[in-house]
There are 4 protein chains.
Amino acid sequence: MAPRTTEQYEEIRETRKHQIMEVALKMFADKGYESSSISSIAREAKISKGLLYNYFKSKEDLLIQIVEGGFQEMLSYFDPNKDGILTRDEFIYFIEEMFGLMNRNVIHYKLYFSLMLQPMVWELFKPKFAEAIAPFMVTLAEYYKRKGSTDPEAEAIMVGAMLDGIGFNYIFNPDIYPLDRVKQMIIDRFV
Amino acid sequence: MAPRTTEQYEEIRETRKHQIMEVALKMFADKGYESSSISSIAREAKISKGLLYNYFKSKEDLLIQIVEGGFQEMLSYFDPNKDGILTRDEFIYFIEEMFGLMNRNVIHYKLYFSLMLQPMVWELFKPKFAEAIAPFMVTLAEYYKRKGSTDPEAEAIMVGAMLDGIGFNYIFNPDIYPLDRVKQMIIDRFV
Amino acid sequence: MAPRTTEQYEEIRETRKHQIMEVALKMFADKGYESSSISSIAREAKISKGLLYNYFKSKEDLLIQIVEGGFQEMLSYFDPNKDGILTRDEFIYFIEEMFGLMNRNVIHYKLYFSLMLQPMVWELFKPKFAEAIAPFMVTLAEYYKRKGSTDPEAEAIMVGAMLDGIGFNYIFNPDIYPLDRVKQMIIDRFV
Amino acid sequence: MAPRTTEQYEEIRETRKHQIMEVALKMFADKGYESSSISSIAREAKISKGLLYNYFKSKEDLLIQIVEGGFQEMLSYFDPNKDGILTRDEFIYFIEEMFGLMNRNVIHYKLYFSLMLQPMVWELFKPKFAEAIAPFMVTLAEYYKRKGSTDPEAEAIMVGAMLDGIGFNYIFNPDIYPLDRVKQMIIDRFV
DNA sequence: AATGAATGAGGATTCATTCAT
DNA sequence: TATGAATGAATCCTCATTCAT
C-alpha cells in the first residue's frame with residue numbers, strides 16, 4: 001500500500017483528537033476533573049496513555065482544549081448582530097437559541113459550571129467569559145431602560161441570573177425539566 | 001497532677017473541631033473537595049494530620065459534618081409556619097431571609113454549589129436536599145396558582161432557578177453584586 | 001520506533017510478576033504478612049512501589065496469588081488416583097511426596113503456617129484449604145478402618161496432626177532436621 | 001477517707017496489670033500482634049492509653065510480659081521429677097497434663113504458635129524454649145531406646161512433632177476437636 | 001495514678017507523566 | 001505513530017508513643 005499522505009495523517013490526527021476530547025469531556029462532566037484519570041480516559045478512548053500525551057501535553061492542556069473548543073459556539077449567541085441594540089425579536093431569538101444550545105450541549109454546560117467553581121481552573125477562562133458577557137449585560141440593561149424599568153441594571157442582572165439558574169438546574173435533570181414551559185414563561189414575563 | 005475534667009476535654013474538643021471545620025469549609029469551598037488535601041487542611045489549621053482524624057473519622061465525615069452543620073439554618077427559612085400556605089408577607093419574609101442568609105454565608109453557598117457538581121460527592125447530600133426543596137416548590141406553585149398564573153409550576157420553577165442563579169452569580173463577586181437592588185426587583189416582579 | 005509486540009510485553013510482565021512474587025513470598029514467610037510493607041517488598045525487588053500495583057491490585061491480591069500459586073502442586077498429591085481408596089503403596093507414595101514437597105517448599109509451608117495464625121487473613125484461604133483436606137481425612141480414616149484400628153478417625157486425625165507438626169518443626173531448622181529418618185519412622189509405624 | 005497504704009496501691013497495680021494482660025493476650029491471640037492496637041487494648045480494658053504506658057513501657061514489653069507469664073507453667077510439665085528417667089507412668093502423666101494444659105490454655109497456645117512464626121519476636125523467646133525442650137527430647141529418646149526402638153531419636157522427634165501438631169490443630173477448632181480420643185490413641189501407640 | 005489530646009513516622013494506594021522500544 | 005512498563009510524589013489514613021494537666 002502506498003504510504004499515507006501528509007493530509008491523511010493530519011486527518012487521522014484530527015479525528016483521534018476529537019475522539020479523545022469527546023471521551024474526556026464526558027468524563028470530566030460526569031465525574032469531575034480531579035476524579036477522571038488519564039488512564040481511564042485513554043482506556044475509554046481505546047488508545048494508550050502514551051498516545052494521549054502525543055496529542056495533549058498534559059491533563060490540564062486537555063481540559064483547556066475541550067473548554068475552548070466549546071466556548072466559541074456559546075459566545076456567538078450574545079447579541080447576534082452586534083449593533084448594541086436589542087430588539088424584541090432579537091431578544092426572543094436569543095432566548096430561543098440559548099435554550100436550544102443548552103439542550104444540545106448539556107454536557108458542556110455541566111463542565112462549565114463545574115469549572116467555574118474551581119477558582120484555579122476558572123482563572124484560565126474567566127477573562128474571556130467576562131469579556132463576552134459584559135456587553136450583553138449592557139445591551140440588556142438598555143433594553144429594559146427603553147421599556148421603562150425602574151432599575152434596568154438590576155433587571156438585567158436578574159434575567160442573567162435566571163438564565164444561569166435554569167441552566168444549572170437543567171443539567172441535573174435534563175430528562176424531566178420542563179424547559180419549554182419555562183422558556184415560554186420567561187418570554188411572557190421578561191421580553 | 002490530676003487529669004483534666006471531662007468538661008475541660010469537652011471544651012478542647014469543641015474548640016478544635018470548630019477550628020478544623022472552619023478551615024476545611026474555606027478550603028473545600030475555594031478549591032473543591034477533591035483538590036483539598038487533608039494535609040493542607042491540617043497545615044492551615046496548624047495541627048497534625050493525625051489529630052484531624054481524632055475528630056473526624058474520614059475526609060468524607062469532615063465534609064458531611066460541615067455541610068450538615070450549615071444545612072439546618074438554611075432549611076428553617078422555608079415556609080416558616082409550615083402550614084403549606086404561603087402568604088404574600090411570608091413570601092417577602094422568605095426572600096429577605098434568603099438573601100440575608102446568602103449574604104452571611106457566601107462560603108457555605110459556594111460549597112453547596114461546588115458539591116452539586118461533583119456527582120460522586122453529591123450523592124451523599126442529594127436526598128436530604130431534594131427532600132427539603134420539594135415542599136417549597138409545591139407551596140410556591142400553589143401561591144402562583146392562587147394568583148392566577150397561566151403555568152404556576154413553570155413559574156415556581158423559574159423563581160427557584162432565579163434564586164439559584166443569583167446565589168451562583170453572587171458568590172463570584174460578593175463585593176460588587178447589587179444584592180439589595182436585585183432583591184427589590186424580585187419582590188416587585190414575583191411576589 | 002515501533003512499540004513492543006504483545007508477546008514482548010507478555011514476557012516482561014511474566015518475568016516481573018514472578019520476581020515480585022518471589023520476593024514477597026520470602027518476606028511474608030519470614031516476617032509475616034502484616035509486618036511486610038509494600039515499600040520494603042518493592043525495595044527488595046528493586047522496583048518502584050507504583051509498579052507493584054501495576055501487577056497486583058492490592059497487597060491482599062499479591063498474597064492470594066502467591067498462595068494459590070503454591071497450592072495446586074500441594075493438592076495434587078492427595079490420593080493421586082482419586083478413587084477414594086488408599087492402598088498401602090499409595091500411602092507410602094503420598095508420604096514420600098509430602099516430605100519431598102516440604103523439602104522443596106519450606107518457604108511456602110512457612111507462609112501457610114503463618115497465615116493460619118492470622119485469623120483475618122486466614123479467612124481468605126480457609127475454605128479452599130478445608131475443602132482439600134476433608135476428603136483426605138476421610139480416605140485416611142477408611143484406610144485405618146480396613147486395618148482394624150480401634151478408633152480410625154482419631155488415628156487419622158493423629159496422623160494429620162503429626163504431619164502438620166513435622167512441617168511446623170521442620171521449617172524452624174530445615175538444615176538439621178532429620179527429615180528422612182522421621183519419614184521412615186512414620187512409614188514403619190503408621191502405614 | 002484515709003489515704004491508701006502502699007500495699008493497697010501495690011495490689012491495685014497488680015490487679016490492673018493482669019487485667020490489661022488478659023485483654024491483650026486475647027487480642028494478640030485472636031487478631032495477631034500487629035493487628036491489635038494499643039488503643040483498642042486500652043479501650044477493651046477500660047483504661048486510658050496513658051495508663052497502659054504506666055504499666056508497660058511499650059507494646060513489645062506488654063507482649064513479653066504476657067508470654068513470660070504463661071511460660072513457666074508450661075515448662076513445669078516437662079519431666080516433672082527431673083531425674084532424667086521417664087517411666088511409663090510419668091510419660092502417661094505428662095501426656096495427660098499436656099492435654100489438660102492445652103485444654104485450659106488454648107489462647108496461650110495460639111499466641112505461642114503465632115509468635116513462633118514471627119522470627120523477630122520469636123528470637124526473644126527461642127533460647128528459653130529450646131533450653132526447656134532439649135532435655136525433654138533427650139529423656140524421651142532414652143525412653144524409646146529402652147523400649148528397643150530402631151531409631152529412638154527419630155521416634156522422640158516424631159512424638160514431639162505430633163504433640164505440636166495436635167496443639168496446632170486443636171486451637172483452630174477447640175470445640176469439635178476429639179482431644180480425648182486422640183490422647184487415648186497416643187497413649188496406646190506411643191507409650 | 002490517670003486522662004486523652006497531640007504528634008509524626010509509616011502504611012497502602014493512586015496517578016500524571018516519562019521513556020525505551 | 002503507538003505502546004504500556006516504570007517512576008515517584010502525593011493521597012488518605014493508622015498507630016505507637018509522649019505530655020500537659
Side-chain angles (χ1 to χ4, degrees), chain A residues 4 9 12-13 16 34-43 47-62, chain B residues 1-6 8-10 12-13 15-16 34-42 46-62, chain C residues 1-6 8-10 12-13 15-16 34-42 46-62, chain D residues 4 9 12-13 16 34-43 47-62:
Chain A
R4 276 179 260 239
Y9 273 122
I12 290 174
R13 272 194 78 83
R16 271 265 202 285
E34 305 287 345
S35 304
S36 305
S37 74
I38 289 286
S39 286
S40 62
I41 293 170
R43 197 182 320 118
I47 57 162
S48 70
K49 269 184 292 189
L51 190 54
L52 193 150
Y53 277 89
N54 203 314
Y55 290 97
F56 304 93
K57 70 178 200 292
S58 69
K59 192 183 178 186
E60 191 180 317
D61 181 43
L62 172 56
Chain B
M1 240 168 280
R4 288 185 182 83
T5 64
T6 305
Q8 282 174 310
Y9 279 127
E10 204 62 45
I12 291 175
R13 282 191 78 80
T15 312
R16 270 277 191 270
E34 306 284 355
S35 304
S36 305
S37 75
I38 290 287
S39 286
S40 62
I41 293 169
K46 294 183 206 315
I47 57 162
S48 68
K49 263 181 298 185
L51 188 57
L52 195 149
Y53 283 91
N54 201 317
Y55 291 93
F56 303 93
K57 70 178 195 298
S58 68
K59 191 184 176 184
E60 190 179 305
D61 180 44
L62 172 56
Chain C
M1 241 168 281
R4 287 187 184 82
T5 64
T6 305
Q8 282 173 310
Y9 279 127
E10 204 61 43
I12 291 175
R13 283 191 77 81
T15 312
R16 270 277 192 270
E34 306 284 353
S35 304
S36 305
S37 75
I38 289 288
S39 287
S40 63
I41 292 169
K46 294 182 205 317
I47 57 161
S48 67
K49 264 182 296 186
L51 187 57
L52 195 150
Y53 282 91
N54 202 316
Y55 291 93
F56 304 93
K57 70 180 197 296
S58 66
K59 191 184 177 184
E60 189 179 307
D61 180 43
L62 171 56
Chain D
R4 275 180 260 239
Y9 273 123
I12 290 174
R13 272 193 78 83
R16 271 266 202 282
E34 304 288 345
S35 304
S36 305
S37 73
I38 289 286
S39 285
S40 62
I41 293 170
R43 197 182 320 116
I47 58 162
S48 71
K49 267 184 293 187
L51 189 56
L52 193 150
Y53 277 88
N54 203 314
Y55 291 95
F56 304 93
K57 71 178 200 292
S58 69
K59 192 183 177 185
E60 191 180 316
D61 180 45
L62 171 57

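Chain identifiers are assigned alphabetically (A, B, ...) following the order of the sequence lines, protein sequences preceding nucleic acid strands; residue numbering begins at 1 within each chain.
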Undergrad: Is a donor-acceptor contact shorter than 3.5 angstrom present between the side chain of D:Y53 and the base of F:dT18?
TA: no

Undergrad: With a non-hydrogen cut-off below 4.0 angstrom, is A:S40 in contact with a base, only sugar-phosphate, or nothing?
TA: nothing

Undergrad: Between A:L51 and A:R16, is a side-chain contact (heavy atoms from CB on, under 4.5 Å) present by the stated rule, with each step listed?
TA: CA-CA 10 Å; A:L51 190 54; A:R16 271 265 202 285; 3.5 Å; yes

Undergrad: Please report the distance, rounded to the nearest Å, between CD1 in A:I12 and P in F:dT1.
TA: 10 Å

Undergrad: If the cut-off is 4.0 Å, is A:R13 near the phosphate of F:dT1, judged by side-chain N/O to OP1 or OP2?
TA: yes

Undergrad: Give A:S58 one of three labels, base, sugar-phosphate or nothing, depending on what nucleic acid heavy atoms sit under 4.0 Å from its own.
TA: sugar-phosphate

Undergrad: Roughly, in whole Å, what's the span from CD in C:Q8 to P in F:dA6?
TA: 13 Å

Undergrad: Looking at every non-hydrogen atom in both residues, tell me the closest pair between A:I38 and A:K49 and how far apart they are.
TA: CG2-CG, 4.2 Å

Undergrad: Taking CD in A:E60 as the centre, count heavy atoms belonging to other residues, nucleotides or ligands within less than 6.0 Å. Is the count above 12?
TA: no

Undergrad: Rounded to whole Å, how long is the line connecting atom CD of C:E34 with atom P of E:dA12?
TA: 9 Å

Undergrad: Write down the distance between CZ (A:R43) and C1' (E:dA16), rounded to a whole number of angstrom.
TA: 14 Å

Undergrad: From the options E:dA6, F:dT11, F:dA6, select the nucleotide whose nearest atom is closest to the side chain of A:K49.
TA: F:dA6

Undergrad: For A:R16 and F:dT1, is the shortest distance between a side-chain N/O and OP1 or OP2 below 4.0 Å?
TA: no

Undergrad: For Watson-Crick and G-U wobble pairs within 3.5 Å on both distances, what is DNA chain E written in dot-bracket notation, | included for inter-strand pairing?
TA: .||||||||||||||||||||

Undergrad: If the cut-off is 4.0 Å, is C:Y55 near the phosphate of F:dA5, judged by side-chain N/O to OP1 or OP2?
TA: no

Undergrad: Check whether any side-chain N or O of D:N54 sits under 4.0 Å from OP1 or OP2 of E:dA2, and answer yes or no.
TA: no

Undergrad: Can you measure D:I47 atom CD1 to E:dA2 atom P for me and round it to whole angstrom units?
TA: 9 Å

Undergrad: For A:S35, which contact category applies under a 4.0 Å heavy-atom criterion: base, sugar-phosphate, or nothing?
TA: nothing

Undergrad: Of the nucleotides E:dA6, E:dT13, F:dG8, which has the atom closest to the C:S48 side chain?
TA: F:dG8

Undergrad: Taking all heavy atoms of A:R13 and all of A:N54, pick out the closest pair and write down the distance.
TA: NH2-O, 3.4 Å

Undergrad: Once you round it to whole Å, what is the distance between P of F:dA10 and CD1 of C:I38?
TA: 21 Å

Undergrad: Closer to the 5' end of DNA chain E via nearest nucleotide, is it C:S39 or B:Y9?
TA: B:Y9

Undergrad: Strictly distance-based, threshold 3.5 Å: is any side-chain N or O of A:K59 a donor or acceptor partner for the main-chain N or O of A:S36?
TA: yes

Undergrad: The side chain of D:L51 is closest to which nucleotide in this list: F:dA5, E:dA1, E:dT21?
TA: E:dA1

Undergrad: What are the two closest non-hydrogen atoms of C:D61 and C:F56, and how far apart are they?
TA: OD2-CA, 3.5 Å

Undergrad: If I compare all heavy atoms of A:I41 with all of A:L62, which pair ends up nearest, and what's the gap?
TA: CD1-CD2, 4.2 Å

Undergrad: Would you name the heavy atoms of D:S40 and D:S37 that are closest together and state the gap between them?
TA: OG-O, 2.8 Å

Undergrad: For B:L52 and F:dT14, what is the distance between atoms CG and C1' respectively, to the nearest whole Å?
TA: 13 Å

Undergrad: Let me know the distance between CG of D:L62 and C1' of F:dT17, rounded to the nearest Å.
TA: 14 Å

